2 protein chains.
Amino acid sequence: MRLVVASCAARYSGRLNASLPRATRLLVVKADGSVLLHSDGGSYKPLNWMSPPCTLALTEVDDESAAAGVTARWTVQHQKSDDRLEIDLYEVLHDSAHELGVDPGLVKDGVEAHLQELLAAQIGLLGAGHTLIRREYPTAIGPVDILARDAAGGTVAIEIKRRGDIDGVEQLTRYLELLGRDPLLAPVRGVFAAQEIKPQARVLATDRGIACLVLDYDAMRGVDDVDARLF
Amino acid sequence: MRLVVASCAARYSGRLNASLPRATRLLVVKADGSVLLHSDGGSYKPLNWMSPPCTLALTEVDDESAAAGVTARWTVQHQKSDDRLEIDLYEVLHDSAHELGVDPGLVKDGVEAHLQELLAAQIGLLGAGHTLIRREYPTAIGPVDILARDAAGGTVAIEIKRRGDIDGVEQLTRYLELLGRDPLLAPVRGVFAAQEIKPQARVLATDRGIACLVLDYDAMRGVDDVDARLF
DNA sequence: AAATTGATGTCGGCC
DNA sequence: GGCCGACGTCAATTT
């Protein structure tokens, strides 16, 4: 990994065209050839970058640019598309290289899959008398997150999202239409469950007779921990 | 901006829990307090990070960790949520600080907005005899990209996407339902226009009687350039 | 390989 | 400040 701090300007062309006026920035060149161009603020997203696989070449600086103070020009070309990033370097304030080795990678816990596990284990959150039929119940257009049976013997299809917006309601609507045609399951009620439900999504769901259920992840995890301790 | 190359391990807790085993990585501390933790590969996304606004504090290293080789512990706490990133530093291979100043930012040259302009100017691509009513035609649930009239005097609502997937078809469907109730406009046909239309989206659109139109951005821009030259 | 879908998405525009 | 849609979305998983 090479780290360069320099005054620079850049131009990107590919899926869009963008340009970056001269300023002092951090340039990171990774072992796989990818390049990141970071300012001293914003978020984790670079101002400009090139993803691997790509190659970095030093191209010649024309006289006019040299006269304007450009000391080097990097051309970073993507190997599978015509995406290209050109960087003009002016003053270089820092330049160092480091051996990092391979990274073992990130271990994650607690995403949508986890919410599904927790709700399946605590299916009573839907109301007394509910029982789980199965998780990831298959249909022609993809699996329904959870299929359950209510106290009256009716079927309940549940779509789970971390953030519940309008797309999730549409998705559940499609499942309900399909499942409702199955005489073994019909009639099928819908429940839209999410850690957070957007107002628009709630309106649409309610309009379609779909119930909304806000999930409290910490509380659900807490119950799970208690269970874990009991057994 | 502070750059540190060090052997480190990290734990993130917040919207999810994640951990990162010990390895040599780049740590970037930006002026706004945000922290990025990069490996020497992958993409522009860090392995772990904390977005601003946040504060970095040096916390005490307990004896056990110190015995295991931890020389410093950073706790990066988000200021508006309970997101937290803890980083244990082992060997530090590089540590430097740099003044970067404020960045003037990126100048972009858009795509979807441009597609809309181009199609409005070349409305004949829908078929002979089409005329533009207006772009961004307002409705109660948001503006329709383009509203046009066909040769027979019927209304056509057009939704434009760069990549046409199922969401776009749903969006257009909602517009059509609403516009179709307006006696001054009804009946209203739908056209789903995109640079690329996903098979699922095409099936759904066709099933609902919505026409699909694949847009050739380069060709449309070419026509536009010719026009620009003629006038 | 193509398609689908979730993401600690992030980012910008508009209300 | 919140909501909503686009993104050079990226990246993992499944068909």
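Keep in mind it's a predicted model, so treat the numbers as computed, not measured. In what follows, every chain begins at residue 1, and chains take the letters A, B, ... in the order their sequences are listed.
The separation of D/dA11 from C/dC11, taken at their P atoms, amounts to 15 Å, rounded to a whole angstrom. To the nearest whole angstrom, the two C1' atoms, one in C/dA7 and one in D/dA6, are 15 Å apart. Atom P of C/dT5 sits at a distance of 23 Å from the matching atom of D/dG8, rounded to the whole Å.
Looking at the side chain of B/Trp49, the nearest of the listed nucleotides C/dG6, D/dG1, C/dT8 is C/dT8. Among the nucleotides C/dT4, D/dC10, D/dC3, the one closest to any side-chain atom of A/Lys198 is D/dC3. Which of C/dT10, C/dT5, C/dT8 sits closest to the side chain of B/Gln200 comes down to C/dT5. Checking D/dG8, D/dG1, C/dT8 against every side-chain atom of B/Lys80, the shortest atom distance belongs to D/dG1. Distance from the side chain of B/Arg15 is smallest for C/dT8 among the nucleotides C/dT8, C/dG6, C/dT4.
Atom CD in B/Glu159 sits roughly 13 Å away from atom C1' in D/dC4 (whole-Å rounding). One can place CD of A/Glu196 at 16 Å from C1' of C/dG6, the figure rounded to the nearest angstrom. Taking atom CG on B/Asp32 and atom P on C/dT10, their separation rounds to 14 Å, with Å as the unit. Distance, A/Lys30 NZ to D/dC10 P: 14 Å, rounded to whole Å. In this structure, the OH atom of B/Tyr175 is 10 Å from the C1' atom of D/dC4, given to the nearest Å. Between the CG atom of A/Asp83 and the P atom of D/dC10 there is a distance of 9 Å, given to the nearest Å. Rounded to whole Å, atom C1' of C/dG12 lies 14 Å from atom CG of A/Leu16. If you measure from atom CG of B/Asp165 to atom C1' of C/dA2, you get 15 Å, rounded to the nearest angstrom.
For the pair B/Arg22 and B/Tyr90, the cation-pi criterion (under 6.0 Å, within 45° of the ring axis) is fulfilled.
Residues meeting the salt bridge (Lys or Arg N to Asp or Glu O under 4.0 Å) test with B/Lys198, sequence neighbours left out: B/Glu196. Scored by the side-chain contact (heavy atoms from CB on, under 4.5 Å) test, B/Thr155 finds B/Ile133, B/Leu147, B/Arg149, B/Leu185, B/Val188 as partners (sequence neighbours excluded). Checked against side-chain contact (heavy atoms from CB on, under 4.5 Å), B/Pro143 has the following partners two or more places apart in sequence or in another chain: B/Glu136. Every residue two or more places apart in sequence or in another chain that forms a side-chain contact (heavy atoms from CB on, under 4.5 Å) with A/Lys45 is listed here: A/Ser43, A/Trp49, B/Tyr44. In this structure A/His130 satisfies the ring pair (Phe, Tyr, Trp, His ring centres under 6.0 Å) test with no other residue, sequence neighbours excluded.
B/Gln171 and B/Lys161 share a donor-acceptor pair across their side chains, judged by distance under 3.5 Å alone. With no hydrogens or angles considered, no side-chain donor-acceptor pair links B/Ser51 and B/Ser34 at under 3.5 Å.
Contact annotation: A/Arg84 does not reach the phosphate of D/dG8 (side-chain N/O to OP1 or OP2, under 4.0 Å).
For the segment residues 35-48 of chain A, the set of residues with a heavy atom within less than 4.0 Å of an atom of DNA chain C comprises A/Ser43, A/Tyr44, A/Lys45, in numerical order.
Residue B/Met50 is out of contact with every strand shown, counting any heavy-atom pair closer than 4.0 Å. Nucleic acid contact class of B/Leu106 (heavy atoms, under 4.0 Å, all strands): none.
Residue B/Pro199 is the one, among B/Pro199 and A/Asp145, whose nearest nucleotide of DNA chain C lies closer to the 5' end (criterion: closest heavy atom). Positionally, the nearest nucleotide of DNA chain D for A/Ala201 lies more toward the 5' end than for the other of A/Ala201 and B/Arg163.
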